[in-house]
Amino acid sequence: MTKQKERIVVVTGGSRGIGRAICIALAAPGTSIYFNYFSPNDPDAEAAAAAETEKLVAEVQGSASSKSVNIAKENEVIDFFKEIIDETGRIDVLVNNAGITKDGLLVRMKEQDWDAVLNINLKGAFTCTKIAAKVMMQQRYGRIINMASVVGVTGNAGQANYSASKAGLIGLTKTTAKELASRGITVNAIAPGFIETDMTASLSEKARNAMLSQVPLGRAGYPEDIAAAVAFLASESASYITGQVIHVSGGMYI
Ligand code: NAP
């Protein structure tokens, strides 16, 4: 019997929230997950969060290893992928999940808040995709999944930087899907709605209720709701789907 190839998965921002749920959902015997995270303010807490993801993946018989890598810095991303490729020789799945918000009304938005969000949410995904795509093209196989947002489609007052980054990510998804399809690589985006994570935990009760009132299914989403869609897009069952934006938002956008 021929030995089954190891499946190599890279997830950005896997230490917490949706990224952690994705790592757990993709974990399986024979799959190695590499994820990064980056929090300059509290490195010890973030390293502990990353270790917790590794532990949770191991509990479902998977294997995960993590590294602090700022996806906004091209040189850090190059080194991160080089280590993975030197070790494994392939990348089967890339999930561009890491993202941040720095909300504020447009007329008061500082240049650094615009740049920070665009550099992480959009440029980071571009850099990771560019590196992974080269390996996937040689393999003639790959799955790329980009974490967009419902507000990348609808817009949202107070989130000019964030919604622009997510709209840009949708454009990147569609173009990359067209460029890479002939090499057996699919590229899709997921547009989550209001999901219970640290990112939304700081919202006021009023803002939270206003968001929830826009959800026809009447509840906030869980990271596992998003991870299930990622697992589907990464699976062989989704091999004929590319260039699409899958909304997982309880119907926030219909
Ligand atoms: P989260 O709980 O705040 O987690 C964000 C993750 O990204 C963390 O692992 C964080 O690492 C990592 N990260 C942040 N900046 C990074 C950088 N420069 N380099 C590498 N990693 C970085 O967020 P979440 O709610 O799970 O969101 C995950 C994705 O879903 C994001 O792209 C977000 O925009 C999108 N999304 C979320 C919602 C929602 O309602 N939560 C809705 C729509 C879309 P540290 O732990 O080190 O900080």
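For ligands, and for the atoms within them, numbers begin at 1 and follow the listed sequence. It should be emphasised that the depicted structure is a prediction, and the values quoted were computed from it without experimental measurement.
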Compile the donor-acceptor pairs under 3.5 Å between side chains in residues 216-226 and protein atoms, sequence neighbours left out, one pair per line.
from	atom 1	to	atom 2	distance (Å)
R219	NH1	D225	OD2	3.0
D225	OD2	Y222	N	2.7

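The side chain to side chain donor-acceptor pair (under 3.5 Å) search around N97 returns none, not counting sequence neighbours. Taking N41 as the reference, nothing meets the side chain to side chain donor-acceptor pair (under 3.5 Å) condition, with sequence neighbours excluded.
Taking CG of L180 as the reference point, atom NZ of K134 lies at 12.0 Å (rounded to 0.5 Å).
Closer than 4.0 angstrom to ligand 1 sit non-hydrogen atoms from G13, G14, S15, R16, G17, I18, Y37, F38, S39, E46, V69, N70, I71, N97, A98, G99, I100, I120, M147, A148, S149, Y162, K166, P192, G193, F194, I195, T197, D198, M199, T200.
Of all heavy-atom pairs between D92 and M136, the closest is O-CE, 3.7 Å.
For the residue pair E54 / S66, a side-chain donor-acceptor distance below 3.5 Å is found, with atom types taken as modelled.
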